[in-house]
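These numbers were taken from a predicted model, which means no experiment stands behind them. Throughout, protein chains are lettered first and strands after them, A, B, ... in sequence-line order, and every chain is numbered starting at 1.
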2 protein chains.
Amino acid sequence: MTSPFRAPIGLRLTNTARAASRAFDDALAAVGGSAPIWQILISIKSRQLGNQRELAEAVGIQGATLTHHLNAMESGGLLTRRRDPANRRVHVVELTEEGELLFHRLREVAIAFDARLRAGLSEEQIAAFEQVLTRLAENVRD
Amino acid sequence: MTSPFRAPIGLRLTNTARAASRAFDDALAAVGGSAPIWQILISIKSRQLGNQRELAEAVGIQGATLTHHLNAMESGGLLTRRRDPANRRVHVVELTEEGELLFHRLREVAIAFDARLRAGLSEEQIAAFEQVLTRLAENVRD
DNA sequence: TATTGTTATACTCTATAACTATA
DNA sequence: TATAGTTATAGAGTATAACAATA
């Protein structure tokens, strides 16, 4: 008995993700954004208050890496950082109006991109797909 | 009617892929490899002859990026490049014994990692999962 | 002129280590 | 001492543009 050929599932996963990420990056860049900027903006919007440590964790990067992005975003006029009077070690991050505008532009792009990805796929297919993603993440975490 | 909340499928996809890639990178690095090295080794092994242009395309990177990796791999004693006598523009890439050994070590790692990823998933689940991956790739390509 | 590949250069994302400031 | 964040530095992976060699 020869065992059936199985393509490495991780390779298929990362190849597809890479293709999708590139297309998404292009779409974000077309309106002046990028993937990390988008993720950071989402995190800032979804939890108004929270220190950078939490922010970094939410985005899945190190604190210093977050600082790197925040520096660029602050230089770009997307956000401000000020010390929290209650605990002056904490830097409170807030979006400027320009940052808000970019967030909304990027959200439009993200919504359109999501619709594009879902084309031709049923709710059931996607639900099953997400279940497998969840399991893969668990299998990797151990 | 409020529309049901749908998490962006691309975000779930890339987050899971990133987690899986990091775990895989760590596993490859533990035996002296990396993801691009592994992909390049696979491509070299699977199609003994073929120019670097094809190699780059198979790996999904630009020609200059491939040269970058080949330089490092040649310095590391994993492969040799010599001109094809039939067409001296073409550089024939061949693995050294050390390159072969690394390929086999990485293959072991990849097989073990694949088994780890598949844990708890049925053939049917994975087949459906791959179908969705294929569709996502199509949706992105357009 | 077209093709194959390299070199030079730079960009993005990421990380670690050492540092400042605050508590 | 511990915590929050920054600065300095570096490394991996990628890309584009200009180039050399060959056909």
Side-chain angles (χ1 to χ4, degrees), chain A residues 14-15 17-19 21-26 28-29 32-41 43-44 49-76 79-94, chain B residues 14-15 17-19 21-26 28-30 32-41 43-44 49-76 78-94:
Chain A
T14 55
N15 282 347
R18 185 164 62 167
S21 288
R22 281 192 188 172
F24 189 49
D25 288 349
D26 290 347
L28 293 175
S34 72
I37 286 178
W38 172 230
Q39 283 217 286
I40 289 167
L41 288 177
S43 296
I44 292 171
L49 294 174
N51 61 24
Q52 291 186 200
R53 198 176 206 73
E54 291 171 338
L55 204 56
E57 196 179 349
V59 177
I61 57 180
Q62 294 301 115
T65 304
L66 177 63
T67 296
H68 171 82
H69 291 299
L70 291 181
N71 285 344
M73 292 170 76
E74 190 168 29
S75 296
L79 53 82
T80 59
R81 280 177 287 188
R82 59 177 178 75
R83 289 181 181 278
D84 182 348
N87 179 348
R88 291 182 44 75
R89 287 176 302 192
V90 174
H91 291 205
V92 179
V93 177
E94 282 176 336
Chain B
T14 55
N15 282 347
R18 185 165 63 168
S21 289
R22 281 192 189 174
F24 189 49
D25 289 349
D26 290 348
L28 294 176
S34 72
I37 286 178
W38 171 228
Q39 284 216 286
I40 290 168
L41 288 177
S43 296
I44 292 172
L49 293 175
N51 62 24
Q52 290 187 201
R53 196 176 209 73
E54 292 171 337
L55 204 56
E57 196 179 348
V59 177
I61 57 180
Q62 294 302 114
T65 305
L66 177 62
T67 296
H68 171 83
H69 290 299
L70 292 181
N71 286 345
M73 292 170 76
E74 189 168 28
S75 297
L78 300 178
L79 53 82
T80 59
R81 279 178 289 188
R82 59 178 177 75
R83 291 182 179 277
D84 183 347
N87 179 348
R88 290 183 45 76
R89 288 176 303 191
V90 174
H91 290 203
V92 179
V93 177
E94 280 176 336

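Taking the side-chain hydrogen bond (donor to acceptor under 3.5 Å, both in side chains) definition, one finds that Asn87(B) meets it with Arg89(B), sequence neighbours left out. Applying the side chain to side chain contact (heavy atoms under 4.5 Å, CB included) rule to Asp26(B) yields no partners; only residues at least two apart in sequence or on another chain are considered. Residues satisfying the side chain to side chain contact (heavy atoms under 4.5 Å, CB included) criterion with His91(B), sequence neighbours excluded, are Gln52(B), Arg83(B). By the side chain to side chain contact (heavy atoms under 4.5 Å, CB included) test, Ala19(B) pairs with Val140(A), sequence neighbours left out. Residues meeting the side chain to side chain contact (heavy atoms under 4.5 Å, CB included) test with Arg18(B), sequence neighbours left out: Gln39(A), Asn15(B), Arg22(B). In this view, Glu74(B) and Arg81(B) satisfy the salt bridge (charged side-chain N to carboxylate O under 4.0 Å, His left out) rule, not counting sequence neighbours. Under the side-chain hydrogen bond (donor to acceptor under 3.5 Å, both in side chains) criterion, Arg88(B) pairs with no residue at all, not counting sequence neighbours.
Mapping heavy-atom proximity under 4.0 Å, the span of DNA chain D touched by chain B runs 5' to 3' from dG13(D) to dA23(D).
Put simply, NE2 on His91(A) is 11 Å from P on dA21(C), counting in whole angstrom units. The CZ atom of Arg22(A) sits 16 Å away from the P atom of dT12(C) (whole-angstrom rounding). A straight line from CZ of Arg18(A) to C1' of dC13(C) spans 15 Å, rounded to a whole angstrom. Taking atom CG of Asn51(B) as the reference point, atom P of dT4(C) lies 6 Å away to the nearest angstrom.
Near DNA chain D, defined here as any heavy-atom distance below 4.0 Å, the residues from residues 62-73 of chain A are Ala64(A), Thr67(A), Asn71(A), listed numerically. Residues from residues 78-90 of chain B placing a heavy atom under 4.0 Å of any atom in DNA chain C, listed by number, are Arg81(B), Arg89(B), Val90(B).
Within the structure, side chain to side chain donor-acceptor pair (under 3.5 Å) contacts touching residues 55-66 of chain A (residues at least two apart or in different chains) do not occur.
Relative to the axis of its first five pairs, the axis of the last five pairs of the helix from dT1(C)-dA23(D) to dA23(C)-dT1(D) sits at 30°, rounded to 10 degrees.
His69(A) has its side chain within reach of Ile61(A): a pair of non-hydrogen atoms, C-beta onward, lies under 4.5 Å apart.
Leu79(A) CG to Ile44(A) CD1: the interatomic distance, rounded to the nearest 0.5 Å, is 5.5 Å. To the nearest 0.5 Å, atoms NE2 (His68(A)) and CG (Leu70(A)) are separated by 10.5 Å. Taken from CD1 in Ile37(A) to CG in Leu28(A), the straight-line distance is 9.0 Å, to the nearest 0.5 Å.
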